[in-house]
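Pasting a structure below so you can have a look.
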Protein chains: 2
Amino acid sequence: MLSERQRLILNAIIDNYIHSAEPVGSRTISKRNDIGFSSATIRNEMADLEELGYLEQPHTSAGRVPSTKGYRFYVDNLIRPEHLSEQELNNIRNVFAERINHIEQVIESTASILSQVTNYTAIVLGPEIFEHRLKAIQIVPLNEQQAVAIIVTHTGRVENKLLDLPKGIHPGEIEKLVNILNSKLIDVPLWQLRQRLYQEIAGEMRRHVEQYEEMLHMLERSLNPEEGERVFLRGATKIMNQPEFRDVEKVKDILELLEQNDQLIRLLDVPGEGIQVRIGQENDMDAMKECSIVTTSYYLGGKPVGVVGILGPTRMEYGKVISVLDYLARGLSQMLTKQFE
Amino acid sequence: MLSERQRLILNAIIDNYIHSAEPVGSRTISKRNDIGFSSATIRNEMADLEELGYLEQPHTSAGRVPSTKGYRFYVDNLIRPEHLSEQELNNIRNVFAERINHIEQVIESTASILSQVTNYTAIVLGPEIFEHRLKAIQIVPLNEQQAVAIIVTHTGRVENKLLDLPKGIHPGEIEKLVNILNSKLIDVPLWQLRQRLYQEIAGEMRRHVEQYEEMLHMLERSLNPEEGERVFLRGATKIMNQPEFRDVEKVKDILELLEQNDQLIRLLDVPGEGIQVRIGQENDMDAMKECSIVTTSYYLGGKPVGVVGILGPTRMEYGKVISVLDYLARGLSQMLTKQFE
DNA sequence: GTTAGCACTCCCGACAAACGAGTGCTAAAC
DNA sequence: GTTTAGCACTCGTTTGTCGGGAGTGCTAAC
């Protein structure tokens, strides 16, 4: 257990390091006006904190740098959320006030504003649609062989897929099929669609639709749970502003990872409620060993539907990031829920 | 006008520099077995070529490096297209052989394969849709205030937009409207839609639809020419493999530019038919002064609908890139045309 | 016209010295 | 017992010097 003074000093060191990016020496700390001890005292405490694993020394005659354990303690026990400037609050609120044509636009703006306000990289996982309910389904033939299947959800999201039509199918048959689907499947959550297809639609189809086997098969393909969630990445290059990433090799590893959608999704796939912080080596990806990731979920009608996250160096302004993320996720949840519930 | 020998030497120097990334000395050239002159002779020719502006010298006792003018001459007069390996041809062909659900998927794969085969950054401007013809239009009400308008083109592309419904509109009215639209606008190219709306639809609507003014206004908004073309970027980080971009500052400028869609579009906005090459300082953007961009258009039924491009260092393997790009753009055009004409 | 030879330029890496930020320890002060 | 002043020591960084080497331009001979 750390003494009050140790906490104070640890806090001072990390604060300092976060803003300077340089190892912090005892003198620097003793000169701070919230600290009333000489550098020698600080030195002793620092040696203790190092022994306990909260600090590290790059080399003998250098100052101290927080370890992962040190940051962890800082995040869990020392920081208090920073309050945002009126300017920043306004910028964020504006995102939700804008007129929207697509949900995606809001999510995209969210990512942009996050990156802009924090000066770190923002990653947003677009709203999960499994829970969305079917509002309408349409099949539009393009020619003899192909058609587009279109699904509209109650949130106004539109998914579409190209289909191969069974040979020699009559347009009237497609119309019949669409009618059956619309009468049976409205308000069904997307994840149930395939199941319902067999339970309820198959029988109906056999009775009324020609070539029902081929049509069924075609439908099955098109109702696949939507592959690939949408991921929005903004400000990926912000990491290069950080002095510890002046090295192309390091930056390359990170940016290469950010280029891959599946890796981004993995990055945001964090269990737990509320704000989650993963610091440095707590990440299992090698490229992320010197980065921290702060995430939280956003909700639609009480259910988590997506994740917003900030990626930055371990030496991140945690207080600020947590405040921004929290405020924004709440706003987003509220907006979505108001709009679509 | 360059002598035959000067061309030979210039070609040798650029070839060498492209592969070594180091200033090329006279000895290196004289040792090549397609060159039968001593290093002293080469030195004389090099001095001449420098005076003519085709070469540059980083400092007195260094070898020579091609200037923008040098590369330009090389691209225009010296290279012959490189033929691709069977492996590479196969990789490219596979993209077009895959089953497709959306055009976008093909475009995306195109970008991926381009970047993969060339080891440079690939940028693809997704197919322009103004020329696409309307296949169907739908309006799906979500609740009392909102609806989604959906437009399907003859190429199977689906666009959608959220609409605010006029207050107290009756669902039947919307249906009437959709019927009018579908009967009048099928097979009209997208860019004509707004114009037709006023010429033909407005009158019809006034006769049959209540609250026609509000509805007209709403429609007008939704038929806006689709803002924001789709841009696909792949392998942006490849630039960091180049020895001349070991410097974070340089890379940052480039990657920041690549993060902005409008800049990407500007980058590919090159007049002219066939393969176009812009070398180093020929680019008007500062961040691109040390890069080259090779572009070409792809076609649907004889009309250019999009652009594919490769971005790399000025020291780029032009021969190879041009071959790949040409082969791929032809394949893409052929595939699109076969599929949708 | 071509080439061997040579003096010259300039970058680069190695090595040494000076510097300074910061430490750990000791002993005195509180 | 805790705090602090003082001091020797460590080690990375900066600066300067020096030799080696790659490459050039020029001259004179072939």
Side-chain angles (χ1 to χ4, degrees), chain A residues 1-10 12-17 19-67 70 243-244 246-247, chain B residues 1-10 12-17 19-67 70 243-244 246-247:
Chain A
M1 200 48 205
L2 296 187
S3 71
E4 200 49 47
R5 194 168 74 185
Q6 283 175 321
R7 290 163 156 258
L8 191 68
I9 291 174
L10 183 57
I13 292 173
I14 298 185
D15 260 7
N16 221 284
Y17 184 64
H19 292 105
S20 72
E22 301 279 311
V24 187
S26 52
R27 233 178 84 83
T28 318
I29 297 300
S30 77
K31 272 192 299 187
R32 279 175 63 129
N33 42 14
D34 56 339
I35 306 269
F37 305 95
S38 78
S39 63
T41 309
I42 308 292
R43 272 204 289 286
N44 288 327
E45 293 286 23
M46 278 174 148
D48 289 351
L49 285 168
E50 182 171 355
E51 203 162 340
L52 290 167
Y54 294 98
L55 296 178
E56 282 166 2
Q57 215 173 4
H59 55 85
T60 327
S61 66
R64 301 304 207 291
V65 161
S67 66
E244 54 266 65
R246 291 264 138 231
D247 173 29
Chain B
M1 201 48 208
L2 296 186
S3 70
E4 199 49 47
R5 194 169 73 184
Q6 283 175 321
R7 291 163 157 256
L8 191 67
I9 291 173
L10 183 57
I13 292 173
I14 298 185
D15 261 8
N16 222 283
Y17 184 64
H19 291 106
S20 72
E22 301 279 312
V24 187
S26 51
R27 233 178 83 84
T28 318
I29 297 300
S30 78
K31 272 193 298 187
R32 279 176 62 131
N33 42 13
D34 57 338
I35 307 268
F37 305 94
S38 76
S39 63
T41 309
I42 308 290
R43 273 203 290 287
N44 288 328
E45 293 286 22
M46 278 175 148
D48 289 351
L49 285 169
E50 182 172 355
E51 204 162 337
L52 290 168
Y54 294 98
L55 295 179
E56 282 167 2
Q57 217 173 2
H59 55 84
T60 330
S61 67
R64 300 306 207 290
V65 160
S67 67
E244 55 265 65
R246 292 264 137 230
D247 173 29

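When reading the values below, keep in mind they use all heavy atoms of this one structure, side chains included, and skip hydrogens, waters and symmetry mates. In the text below, chain A, chain B and the rest are named by the order of the sequence lines, each starting its count at 1.
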Could you give the CE-to-P distance, from A:M46 to C:dG22, as a whole number of Å?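 In whole Å, C:dG22 P and A:M46 CE are 9 Å from each other.
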How close or far is atom C1' of C:dG20 from atom CZ of A:R27, stated in whole angstroms?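 Atom CZ in A:R27 sits about 12 Å away from atom C1' in C:dG20.
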Say whether, by atom type as modelled, one donor and one acceptor occur between the side chain of B:S67 and the main chain of B:G53 under 3.5 angstrom.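 Yes; at least one donor-acceptor contact below 3.5 Å.
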Which atom names give the shortest non-hydrogen contact between A:V24 and A:I29, and what distance separates them?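 Heavy-atom minimum between the residues: CG1-CD1, 3.6 Å.
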Nucleotides bounding contact with chain A, strand DNA chain D, heavy-atom threshold 4.0 Å: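 Counting from the 5' end, contacts occupy D:dT3 to D:dG12.
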Whichever of B:T60 and B:R43 has its nearest DNA chain C nucleotide further upstream toward 5':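 Mapping each residue to its closest nucleotide by heavy atoms, the 5'-most match is B:R43.
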Distance below 4.0 Å between B:S38 side-chain N/O and C:dT3 OP1 or OP2: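 Looking at the OP1 and OP2 atoms of C:dT3, one of them is under 4.0 Å from a side-chain N or O of B:S38.
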Is B:S26 touching bases, backbone alone, or none of the nucleic acid, heavy atoms closer than 4.0 Å?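 Sugar-phosphate: the residue B:S26, judged by heavy atoms under 4.0 Å, touches backbone atoms but no base.
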Quick one: B:H59 NE2 to C:dC11 P, roughly how many Å, whole number?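 Going from NE2 in B:H59 over to P in C:dC11 covers 5 Å.
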Does the side chain of B:Y54 come within less than 4.5 Å of B:I13's, by heavy atoms?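 Sidechains of B:Y54 and B:I13: no contact.
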Hey, could you give me the OG1/CD1 distance between B:T41 and B:I9, rounded to the nearest 0.5 Å?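 Spacing of OG1 (B:T41) from CD1 (B:I9) equals 8.0 Å.
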Which whole-number value in Å describes the distance from B:D48 CG to C:dG1 P?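 Result: 12 Å.
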Quick one: B:I9 CD1 to C:dT2 P, roughly how many Å, whole number?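 So the CD1-P distance, B:I9 to C:dT2, works out to 10 Å.
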Tell me what A:T41 touches on the nucleic acid: a base, only sugar-phosphate, or nothing, going by heavy atoms under 4.0 Å.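 Since a base atom lies under 4.0 Å of A:T41, the category is base.
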Which sits closer to the 5' end of DNA chain D, B:G63 or B:A40, going by the nucleotide each is nearest to?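 Going by which nucleotide is closer to the 5' end, it is B:G63.
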Flag the pair B:T28 / B:I42 as yes when at least one side-chain heavy-atom distance between them is below 4.5 Å, and no otherwise.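 They are not in side-chain contact.
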Around B:R27, counting heavy atoms of other residues, nucleotides and ligands shown, do more than 12 lie under 6.0 Å from its CZ?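 Open: at most 12 neighbouring heavy atoms sit under 6.0 Å from CZ of B:R27.
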